[in-house]
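Each chain gets a letter, A, B and so on, in the order the sequences are listed, and its residues count up from 1.
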There are 2 protein chains.
Amino acid sequence: MLKQETLSKNQQIVLDYIEKVNEPIKAYSILHNVQKKGIKAPLQVYRALDKLVEIGKIHKIESRNAFVACKNSNCQISKATAFSICESCEEVSEISDSKLSKYLKNFQDKAGMKFNKYNLEFFGLCKKCSFK
Amino acid sequence: MLKQETLSKNQQIVLDYIEKVNEPIKAYSILHNVQKKGIKAPLQVYRALDKLVEIGKIHKIESRNAFVACKNSNCQISKATAFSICESCEEVSEISDSKLSKYLKNFQDKAGMKFNKYNLEFFGLCKKCSFK
DNA sequence: TGTTAATTGTTATAATATAACATTGTGTAA
DNA sequence: TTACACAATGTTATATTATAACAATTAACA
């Protein structure tokens, strides 16, 4: 079988919802919100999430156990992710900085380990929150 | 009250164990292993973990929900963490690379957000596993 | 010594995620 | 077009990770 070109029903339902809310959202929150579409159980959501992460349509914000839609149209950098996270309002935005990604992709640790993936999460206060 | 200089009893028990195992370990695994020391409940472990993370004695590997002792003696960089993670054997090592940390500390995103903390996790195969 | 904050102990429960198994759908090649 | 292989689905149960709430105790220090 060739690499899947179209999403399955559940995958599409979950992706549609994540793209609609446009902010990090948790698995059980997704579940509550797609039940009207016929998805009834956590596993149905988690399986869709797994696949969507795998193909780069969404990313997991590890420190928050939440998922966001990928903002890099064609998802070429799904194995090289960076986010900024406001510790006050929890706003998350994906960082697309070619210098940063180039730097990290080429990073070699002292043990000579070759990386094929990384995830970077920055924490701080967003502009709005830093003036409060 | 001044900043705490000595660890509390539970904090010390948990830290001792984490330092002894010398690899990432999960909260409930810690719990099982320190029950002989009188720690009975998850909360006792989680509270110790929270404090130890806060003061930089340990770090959380977010993608694995596991905790490791900090390798940087005086823990000055506890707000700037980087790890390499082998996706095969799950070996984790802390990266201490002053160029990398300098680069990331000074990174400015396009929204002008000022960061006070970051966590970076690299994934790949360690030397041993890449020859299997 | 009185006050405040940190820590502890304890029970219960919330939140996140996977196991196991039976069934159905889909692409492709004989 | 049938048979195969694999992906996806549906379902129930359960595992794993983490916090809420509240009472009691301990430690620092003005």
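In this structure, B:Gln12 atom CD and C:dT7 atom P are separated by 13 Å, rounded to whole Å. One interatomic measurement links the two molecules: NZ of B:Lys51 to P of C:dA5, which rounds to 14 Å at whole-angstrom precision. Computed from coordinates, the B:Asp50 CG to D:dA20 P distance equals 10 Å when rounded to whole Å. As a whole-Å value, the separation of A:Lys26 NZ from C:dA17 P is 8 Å. For the pair B:Glu62 CD and D:dT16 P, the computed distance is 20 Å after rounding to whole Å. Rounded to an integer number of Å, the gap from A:Ile61 CD1 to C:dT16 C1' is 16 Å. B:Leu7 has its CG atom 19 Å from the P atom of D:dT26, to the nearest Å. Put simply, CZ on B:Arg64 is 15 Å from C1' on C:dA17, counting in whole angstrom units.
You'll find a donor-acceptor pair under 3.5 Å spanning the side chain of B:Tyr28 and the base of D:dA18, going by distance alone.
Checking the phosphate oxygens (OP1, OP2) of C:dT16, no side-chain nitrogen or oxygen of B:Asn65 falls inside 4.0 Å. Phosphate proximity of C:dA17 to A:Lys60: present, with a side-chain N or O under 4.0 Å from OP1 or OP2. The shortest distance between the side-chain N/O atoms of B:Ser8 and the OP1/OP2 oxygens of C:dA6 is not below 4.0 Å.
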- Message: Run the side-chain hydrogen bond (donor to acceptor under 3.5 Å, both in side chains) test on B:Glu62 and A:Ser63 for me, step by step, so that the C-alpha distance in whole Å, both residues' side-chain angles and the decisive distance to 0.1 Å come before the verdict.
- Response: CA-CA 6 Å; B:Glu62 294 286 356; A:Ser63 65; 5.4 Å; no

- Item | Residues B:Gln108, B:Asn106; criterion side-chain hydrogen bond (donor to acceptor under 3.5 Å, both in side chains); working and verdict | CA-CA 6 Å; B:Gln108 276 283 98; B:Asn106 293 321; over 6 Å; no

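End-to-end axis angle for the helix from C:dT1-D:dA30 to C:dA30-D:dT1, using five pairs per end and rounding to 10°, comes out at 40°.
Closest to the side chain of B:Tyr46, from the set C:dT7, D:dT19, D:dA8, is D:dT19.
Using cut-offs of 30° and 60° for the angle between ring planes, the B:Tyr28 and B:Tyr46 rings count as perpendicular.
Using a cutoff of 4.0 Å between basic side-chain nitrogens and carboxylate oxygens, A:Lys117 and B:Glu87 are scored as salt-bridged.
For the pair A:Glu19 (side chain) and A:Ala69 (backbone), a donor-acceptor distance under 3.5 Å is absent. A:Lys110 places a side-chain N or O within donor-acceptor distance of the main-chain N or O of B:Ser96, the cut-off being under 3.5 Å. Looking at B:Gln12, its side chain never comes within 3.5 Å of a backbone N or O of B:Lys9 through a donor-acceptor pair.
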Every protein N/O within reach of nucleotides 10-13 of chain D N/O, cut-off under 3.5 Å:
unit_1, atom_1, unit_2, atom_2, d
D:dG10, OP1, A:Lys9, NZ, 3.2
D:dG10, OP2, A:Asn10, ND2, 3.1
D:dG10, OP2, A:Gln44, NE2, 2.6
D:dG10, N7, A:Arg47, NH2, 2.5
D:dG10, O6, A:Arg47, NH1, 3.0
D:dG10, O6, A:Arg47, NH2, 3.3

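A:Phe122 is not listed as a side-chain neighbour of A:Ile85, based on a closest heavy-atom distance of 4.5 Å or more.
The side-chain contact (heavy atoms from CB on, under 4.5 Å) test with A:Ile58 is passed by exactly one of A:Val14, A:Ile25, A:Leu15: A:Leu15.
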